[in-house]
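Reviewing the structure listed below.
Nothing fancy with the numbering, it's 1 onward along the sequence.
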Amino acid sequence: MDYYYVSLVLQILLFLYFEVTTLVPLFPWNDLSKYSRKEKFTEAIANGLVILLCIGLFATKIKWLMAVSVMFYLVFLVMQILTWWMPYLTGIHLKQFPRSLYESHFKNTIKWLPPVKGHIIPDAQHNVLQLISILTLIASSIALIM
């Protein structure tokens, strides 16, 4: 298996999935009703440009640039874990993602996971994003070391 090309495909999938779920209302998959147009476009542009930059760095096949890309995907995944899984498992929230934000923006989206005490539940939209992120990180890491 050519992990380099698998990684590039996953990175492009990550970009497309992120952009679509940030910009296109797909309720109950996502709930964009509380976001202003400016907020949606700011998030889509800021994160989209970083992901595109990482795809470009990785595509060079220059090891240290590929490593920068892999480090971004690691940080991106860690932030998702801190934002969604830490509150789900422990009830502890990051200041940037308080329970009130969850209640207003994510409470009515599709959930696959069972409740844990009274903690927030990561929604299916973010579960898929996290799965794509993990696969991207793994494939990119393997491609980097091969």
*Consider only side-chain N and O atoms of Gln80 and Trp85, and report whether a donor and an acceptor are under 3.5 Å apart.*
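There is no such pair (donor and acceptor under 3.5 Å, judged by atom type) between the side chains of Gln80 and Trp85.
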_Distance-only donor-acceptor check, side chains Tyr73 and Gln11, under 3.5 Å_ = yes
*asked:* Determine whether the aromatic ring centres of residues Tyr102 and His93 are separated by less than 6.0 angstrom.
replied: no
_Tell me whether the NZ or CZ atom of Lys61 lies within the 45° cone about the ring axis of Tyr4 and under 6.0 Å from its centre._
yes
Can you get from [X] to [Y] by hopping between Ile, Leu, Val, Met, Phe, Trp and Tyr side chains that sit under 4.5 Å apart?
| X | Y | result |
| --- | --- | --- |
| Val75 | Phe15 | yes |
| Leu144 | Leu65 | no |
| Val128 | Ile134 | yes |
| Ile132 | Leu16 | yes |
| Ile138 | Val68 | no |

_With rounding to the nearest 0.5 angstrom, report the CG to CG distance, Leu10 to Leu137._
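Answer for the CG-CG pair, Leu10 versus Leu137, is 11.0 Å.
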*Short question: side chain of Asp123, backbone of Phe106 - any donor-acceptor pair under 3.5 Å?*
no
Side-chain touch [X]/[Y], heavy atoms, less than 4.5 angstrom:
| X | Y | answer |
| --- | --- | --- |
| Asp31 | His105 | no |
| Ile92 | Pro87 | no |
| Met71 | Leu74 | yes |
| Leu53 | Phe72 | no |
| Ile120 | Phe97 | yes |
| Leu129 | Leu14 | yes |
| Ile121 | Pro115 | yes |
| Tyr17 | Gln125 | yes |

_Check against side chain to side chain donor-acceptor pair (under 3.5 Å), Lys111 and Thr109_ = CA-CA 6 Å; Lys111 314 289 188 297; Thr109 55; 3.2 Å; yes
